[in-house]
Amino acid sequence: MKIGELAHRTGVSLRSLRYYEQQKLISPIRADNGYREYSPFAVEQVETIKFYLNMGFSTEQIGGFLNCVLQNKESFCRDVLPVYESKIAELDEQIRLLGRIRSNLHERVQAILEERRISPGIPIEGAMDDGNHDDR
DNA sequence: CTTCTGACA
DNA sequence: TGTCAGAA
């Protein structure tokens, strides 16, 4: 099938489909006219890519265990463990930062309700870090 | 009409 | 990621 059909059947934009290819997550073959030709498996492949992207993994990380996960239908691929663990650690870090922001705001709310004055805007370390891992 | 690549008021 | 251009 051509890119238009795959996009329609997966709900992924043409742009993203081409981007996944750039990131080596999918490798469609080229027809004589230069059009990308996807195998019918591309549908499930793109869906698993979307799944991991939503899990917060970078395209680079996904590229690492995609084939393994794709073949061993949700089975075990030991190489994914370290990736999953680092992701969990990353989430713990984000949760820690969010907790700081939360308590900071909570304190301000209380101050306002109690008509109490508190310290001015004090930046929270690392709070502005969106932890991006993408980009080739 | 569909796809391709490259680029960004 | 969207989107537009110019070409095939």
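Proteins come first, then strands; the chains are lettered A, B, ... in the order of their sequence lines, and each starts at number 1.
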Review point. Can you check the A/Gln23 CD to C/dT1 P distance for me, whole Å?
Key: 10 Å
Exercise for review: Please determine, for C/dA7, whether a Watson-Crick or G-U wobble partner exists with both distances under 3.5 Å, and give it or none.
Suggested key: B/dT3
Exercise for review: Check the distance between B/dT3's P and A/Leu17's CG and give it to me in whole angstrom.
Suggested key: 10 Å
Review point. Can you find a donor-acceptor N/O pair under 3.5 angstrom joining the side chain of A/Tyr35 to the base of B/dT2?
Key: yes
Check your understanding: In terms of hydrophobic clustering (I, L, V, M, F, W, Y; side-chain heavy atoms under 4.5 Å; direct or indirect links), are A/Val12 and A/Met55 co-clustered?
Key -> yes
Review point. Using purine N1 to pyrimidine N3 plus N6-O4 or O6-N4 for Watson-Crick, or N1-O2 and O6-N3 for G-U wobble, each under 3.5 Å, what pairs with C/dT1?
Key: none
**Study point:** Among C/dT1, B/dT5, B/dT3, the one nearest A/Lys2 by side-chain distance
**Key:** B/dT3
Review point. Whole-Å distance between B/dT3 P and A/Tyr38 OH?
Key: 10 Å
**Study point:** Between P of B/dT3 and CG of A/Leu6, the distance in whole Å
**Key:** 11 Å
Practice item. Compare the minimum distances between each of B/dT5, C/dT1, B/dT3 and the side chain of A/Arg36, then state the nucleotide with the smallest one. Key: B/dT5
Practice item. Give the cluster check for A/Leu98 versus A/Leu91: same hydrophobic cluster or not, with ILVMFWY residues linked at side-chain heavy-atom distances below 4.5 Å. Key: no
Practice item. Ignoring backbone atoms, test whether A/Ser13 places a side-chain nitrogen or oxygen under 4.0 Å from the OP1 or OP2 oxygen of C/dT1. Key: no
Exercise for review: Find the distance A/Asn33:CG to B/dT2:C1' and express it as a whole number of Å.
Suggested key: 10 Å
**Study point:** A/Arg18 vs A/Glu21, salt bridge (Lys or Arg N to Asp or Glu O under 4.0 Å): CA-CA, chis, key distance, verdict
**Key:** CA-CA 5 Å; A/Arg18 293 172 181 137; A/Glu21 182 179 352; over 6 Å; no
Exercise for review: Provide, to the nearest angstrom, the distance between the CD atom belonging to A/Gln22 and the C1' atom belonging to B/dC4.
Suggested key: 13 Å
Practice item. Please report, rounded to the nearest Å, how far the P atom of B/dC1 is from the CG atom of A/Leu14. Key: 15 Å
Exercise for review: Please figure out whether A/Arg15 or A/Gly34 has its closest DNA chain B nucleotide nearer the 5' end.
Suggested key: A/Gly34
Practice item. Flag the pair A/Tyr38 / A/Ile26 as yes when at least one side-chain heavy-atom distance between them is below 4.5 Å, and no otherwise. Key: yes
Point to revise | A/Glu21 CD to B/dT3 P, straight-line distance once rounded to whole Å | key: 14 Å
**Study point:** Any donor-acceptor N or O pair under 3.5 Å, side chains A/Asn104, A/Arg100
**Key:** no
